[in-house]
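To start, the structure under review is shown below, and the notes come after it.
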Number of protein chains: 2
Amino acid sequence: MKIETKFPRENARDYALRIMKNNILSLDLKPGTVISENELATELGISRTPVREAIIELSKAYLIETYPQRGSFVSLIDPKMVEEARFIRRITDTAVIELACEQIDEKGIAVLEENVVLQEFYLSKGMTDKIFDLDNQFHKSIYDIAEKDIVYEIHSTLMLHFDRVRNLSVSTVKDFKVVGDHRNMLEAIKAGDKKTAVELVNKHLNRYQIDEKEIRSKRPEYFKA
Amino acid sequence: MKIETKFPRENARDYALRIMKNNILSLDLKPGTVISENELATELGISRTPVREAIIELSKAYLIETYPQRGSFVSLIDPKMVEEARFIRRITDTAVIELACEQIDEKGIAVLEENVVLQEFYLSKGMTDKIFDLDNQFHKSIYDIAEKDIVYEIHSTLMLHFDRVRNLSVSTVKDFKVVGDHRNMLEAIKAGDKKTAVELVNKHLNRYQIDEKEIRSKRPEYFKA
DNA sequence: AAAGATATACTTGTATACAAGCATACAATC
DNA sequence: GATTGTATGCTTGTATACAAGTATATCTTT
């Protein structure tokens, strides 16, 4: 469990939420780990109440399971859950990138262009750890362009199911492909080419489907069924 | 604010959540209404903690807005929010009904058939208030058939944005159309006719788009912008 | 030794107390 | 009269106390 310091004006609940999300995503909180409200509260230097509130929110996203009077646990990787998260991601990404193709303007192009340039830069420097955030930011920008930013927000926590599996795969090998996908998506959006854009989204998301089976055998204790 | 009694084994948080959802949906809690944690707690006969936890959850779904040290309010109807909820509903319903066309079996047909028969029965008896729940149940069943029940669950609270606008419209006039839609959807699913099924979903959801503008002028105080 | 009762140390759920900030009413001052 | 300071009562945010249930270890009993 890696604990960063609290931001100046960040309230205790958001702080607890941020730390827990990060650690679940990075697998520093491994699937199945026990989470004690009291313990976490003292570790974070806050009281039980905001910690508990954060846990409840993660429970609603099925990232933590709470059994009354017994304990709370980081959810095991549930293939059905991952599949449904991927499903949501696929159909919304698809619909949103079509809208982006229609509604794109120069400002939007500039935002995406800057992002992809940075990805290409960090890739060429081998700083692939920077790419994960840029990846997410790229997709968020597309939602912004399509004026579906609330949809993105609503689904963001849920996508941790998806992203934590990403983090389990030997992903760095394929970073250059991911960056290439983004470059191609950008060009398709600029050209208003919906068909290609949609194809790219599906190809992009399919990259992660294969890895899941790889790691299943390596870390069976992380999986539910 | 209409307050029903607590279920036997229902915990205080779920109780508060249920009551608040119902009242927001039915507009007994009108958009803009102040919600005091203390007041609601005493009304429900529970303490502030579970009430607060319920309010936080509804805040995450943008159904309540909380301003620290100032108060919490039932969110005004935000056309962008409604539009994004409708967007989610449309694209997921579309994708899910396609899957249902592929994965339907006799058991699934039986469930849908029973539901539609009941809708037709209540419609013929003029008991249109029963139809709302059956409508939701019908759609949930389709998600179950497509094995996307978590997707339904995740989105269910969000759909209150959509449903409360439904409740504001002079909807009873069109109940027979809604029931007809469901009958047609069922037949399309049985026939495995994806194209027709998708068309029906879009037609179905478009029925509510018109009403919004009608009521906007009648109840401008409910709207955000 | 095996089985069962029991104490104990946890857990989450709920209630309550306190802290900090905002808004309003009202009084004092210019 | 207008403005400013202030007291008051509200709000949510956080901390803590208590309730109730579970699991485990240990002791007692057979």
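Residue numbers begin at 1 in each chain, while the letters A, B, ... track the order of the sequences.
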Verify whether one side chain among [X] and [Y] offers a donor that lies under 3.5 Å from an acceptor in the other.
X        : Y        : value
A/Tyr152 : A/Thr92  : no
B/Tyr67  : B/Glu65  : yes
A/Asp133 : A/Gln137 : no

Does A/Arg86 make a cation-pi contact with A/Phe162 (under 6.0 Å, within 45 degrees of the axis)?
->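 No, A/Arg86 and A/Phe162 do not form such a contact.
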Polar atoms only, N or O, under 3.5 Å: list the protein pairs with nucleotides 7-9 of chain C and their distances.
none

Give every residue pair that meets the salt bridge (charged side-chain N to carboxylate O under 4.0 Å, His left out) criterion with at least one member in residues 21-31 of chain A, sequence neighbours excluded.
->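 Passing the test, one end in residues 21-31 of chain A: A/Lys2-A/Asp28.
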Quick one: do A/Met20 and A/Val74 satisfy side chain to side chain contact (heavy atoms under 4.5 Å, CB included)? Show the steps, please.
-> CA-CA 10 Å; A/Met20 293 178 78; A/Val74 178; over 6 Å; no
What one-letter contact string describes nucleotides 12-21 of chain D from 5' to 3', where B marks a base within less than 4.0 Å of any protein heavy atom, S marks contact via sugar-phosphate atoms alone, and - marks no contact?
-> BBBBBB--BB
Aromatic ring proximity, centroids under 6.0 angstrom, B/His139 and B/His155 |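 No, too far apart.
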